[in-house]
Amino acid sequence: MSKVRFIILLVFLPVCVIFAQEKTLSKEEAVIKALENNYGIEIAKGQVDIAENNASILNSGYLPTLNGTAGATYNTNNTTTEFPGQFNDDGSSRSNIEIDNAESQRYNAALNLNYTLFDGMGRFYNYKRLKEQYNLSTLQARETIENTMIQMFSVYFEIARLTENKNVQKQALEISTDRIQRSEYAFEYGQNTKLDILNAQVDMTNDSINLLNTEQQLANAKRDLNVVLNQDLNSQYAVDTTIVFLPKFQIVEYMDQAITNNVAVLQTESNLSINDYDIKVSKSGYLPTLNLTGSYGWNRNQNAPSAFLTGAVFPGTNSIANSVSLGASLTWNLFDGGSTTVGVKNAKITYANQELLRKQIELEVNRDMQNAMALYENLLKIYQIQEQNVFTNQNNFERSKEQFQIGSITSIEFRQAQINLLNAQTNKNLAKYDAKLAELQLLQLTGQLLNIEL
């Protein structure tokens with residue numbers, strides 16, 4: 001086997017094996033897998049679940065508390081009762097009375113009910129605050145999902161770009177291989193020198209190395225995407241290289257609605273609502289608190305037998321008692337040293353700061369959108385220019401190929417035309433996916449990233 005054929009086999013054999021096992025991973029499938037499996041998104045969903053639990057009626061303070069208590073006591077005693085200097089009716093002296101293993105038991109149980117009927121509306125506004133905190137957690141989860149989508153698409157598009165670059169470099173390698181064969185035939189018939197063969201072999205070697213490097217970069221990019229999708233790192237697949245850009249009027253319409261849809265702005269508004277509830281909760285400290293209480297108790301006492309002065313043994317008694325009580329208490333902290341006043345003032349300052357932060361974020365979002373739109377339009381123009389550049393270089397290469405085959409130009413000139421075409425094709429691929437990623441980043445700023453069809 002010649003050296004040339006060995007290099008070709010070394011480069012193309014692994015590629016053929018991989019492609020035989022690959023299936024296409026569409027953009028929609030990648031999005032679904034990321035939403036279902038990505039660790040960051042799963043953690044964000046867990047935080048939303050926690051916030052939902054906190055905002056439930058069970059954590060609101062509106063429900064009463066009911067406590068149950070129970071107890072039991074058991075005693076056993078041995079007693080001896082003496083009667084010194086005392087006599088019976090017949091004149092005989094009284095003997096001692098001994099009571100062994102005298103048992104007594106006591107049992108009790110109680111239920112205590114407590115309910116806050118009014119607490120200055122603090123409980124009401126705190127419950128509202130927890131509901132708004134849940135809304136904020138959903139916005140934070142949405143932000144995590146959007147960032148994950150941008151991360152996923154950046155890797156997905158990198159795979160697509162490298163895939164197209166690999167195809168271009170495979171074509172370049174095939175052309176270089178054909179050059180070697182033509183140079184060898186021409187050398188045999190005395191139409192060129194050995195130098196032409198060596199130049200062709202050098203070019204083919206460089207093309208082989210470039211293809212191997214691209215394949216390595218492509219394998220690394222696929223592993224990066226597998227991490228984002230939380231699947232086997234060695235999973236093999238092809239990706240969809242089709243790119244469709246949204247109409248400009250649709251993007252402009254999204255930009256006009258950005259302030260009402262941008263997740264960062266929505267989070268500041270949610271924080272503003274939370275701060276407003278904090279003020280109201282702090283003000284509830286000025287008002288009284290009314291509590292209701294109720295209890296039910298049960299007691300049973302079984303007393304041990306005992307001796308009396310008459311010399312008789314009195315048997316044990318057994319008593320059962322039930323009790324029910326209801327009560328209400330009013331507590332009004334007329335002066336707490338000023339802590340409530342300080343808390344209200346600080347809550348108002350926090351609210352004012354949050355308003356300033358909202359205005360700042362709105363200004364930054366508008367700036368970022370204008371910058372993103374300018375970048376997107378610029379990249380689209382570059383992509384269109386690169387498309388035309390590929391067309392021009394393709395025509396130049398075809399004519400150079402014809403001229404090279406009839407010997408009108410040298411192998412160096414032909415190689416330069418081939419390199420120019422290769423660079424134009426790879427630059428076009430880069431511009432295409434850069435423009436699409438810039439479009440997605442612009443859609444993220446408008447708050448529409450999760451609402452579009454890919």
Side-chain donor-acceptor distances from residues 438-445 under 3.5 Å, at least two apart:
residue	atom	partner	partner atom	Å
E439	OE1	K436	NZ	2.5
E439	OE2	L246	N	2.9
E439	OE2	Y376	OH	2.7
Q444	NE2	N147	OD1	2.9

Ignoring hydrogens and angles, state whether a donor on the side chain of [X] or [Y] is under 3.5 Å from an acceptor on the partner side chain.
| X | Y | value |
| --- | --- | --- |
| Q370 | N366 | no |
| S325 | S295 | yes |
| Q360 | E364 | yes |
| Q216 | N213 | no |
| Q47 | S137 | no |
| T350 | N275 | no |
| N165 | N429 | yes |
| Y127 | N59 | no |

Sequence neighbours excluded, which residues qualify as side-chain contact (heavy atoms from CB on, under 4.5 Å) partners of [X]?
| X | result |
| --- | --- |
| R182 | D178, Q405 |
| E413 | I409, T410 |
| I145 | L35, I41, M149, L450 |
| T138 | V48, Y134, N135 |

Subject >> Cationic tip of R358 above Y351 ring, under 6.0 Å, 45° of axis >> reply: no
So, [X] and [Y], do they make that salt bridge, N to O below 4.0 Å?
| X | Y | result |
| --- | --- | --- |
| K432 | E387 | no |
| E377 | K248 | yes |
| K348 | D278 | no |
| E158 | R161 | yes |
| D276 | K280 | yes |

Subject >> For D240, salt bridge (Lys or Arg N to Asp or Glu O under 4.0 Å) partners two or more places apart >> reply: K27
Subject >> Qualifying residues under salt bridge (Lys or Arg N to Asp or Glu O under 4.0 Å), relative to D434, sequence neighbours excluded >> reply: none
Considering all heavy atoms of both residues, which atom of [X] and which atom of [Y] are nearest to each other, and what is their separation?
| X | Y | value |
| --- | --- | --- |
| L66 | L111 | CD1-CB, 4.4 Å |
| Q386 | A431 | CG-CB, 4.2 Å |
| Y296 | N322 | OH-OD1, 3.1 Å |
| V390 | L421 | O-CD1, 4.1 Å |
| L233 | R223 | O-CG, 3.2 Å |

Original post:
Considering residues at least two apart in sequence or located in another chain, which fulfil the ring pair (Phe, Tyr, Trp, His ring centres under 6.0 Å) criterion with F397?
Top reply: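 Applying ring pair (Phe, Tyr, Trp, His ring centres under 6.0 Å) to F397 gives F414.
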Original post:
What pairs with Y433 under ring pair (Phe, Tyr, Trp, His ring centres under 6.0 Å), at least two apart in sequence or on another chain?
Top reply: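 Partners of Y433 by the ring pair (Phe, Tyr, Trp, His ring centres under 6.0 Å) criterion, ordered by chain and then number, come out as F157.
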[X] vs [Y] side-chain heavy atoms within contact, under 4.5 Å:
| X | Y | value |
| --- | --- | --- |
| N54 | Q133 | no |
| M121 | K283 | no |
| Y286 | T341 | yes |

**OP:** Decide side chain to side chain contact (heavy atoms under 4.5 Å, CB included) for Q231 and Y237; before the verdict, give the C-alpha distance in whole Å, the side-chain angles of both, and the deciding distance to 0.1 Å.
**Re:** CA-CA 12 Å; Q231 61 185 14; Y237 46 83; 3.7 Å; yes
Subject >> Under the side chain to side chain donor-acceptor pair (under 3.5 Å) test, residues paired with N199 that sit two or more places apart >> reply: none
Original post:
Under the side chain to side chain donor-acceptor pair (under 3.5 Å) test, which residues partner E355, sequence neighbours left out?
Top reply: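 Checked E355 against side chain to side chain donor-acceptor pair (under 3.5 Å); zero matches.
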Original post:
Does anything in residues 140-150 pair up under salt bridge (charged side-chain N to carboxylate O under 4.0 Å, His left out), and if so which pairs, sequence neighbours excluded?
Top reply: R142-E146
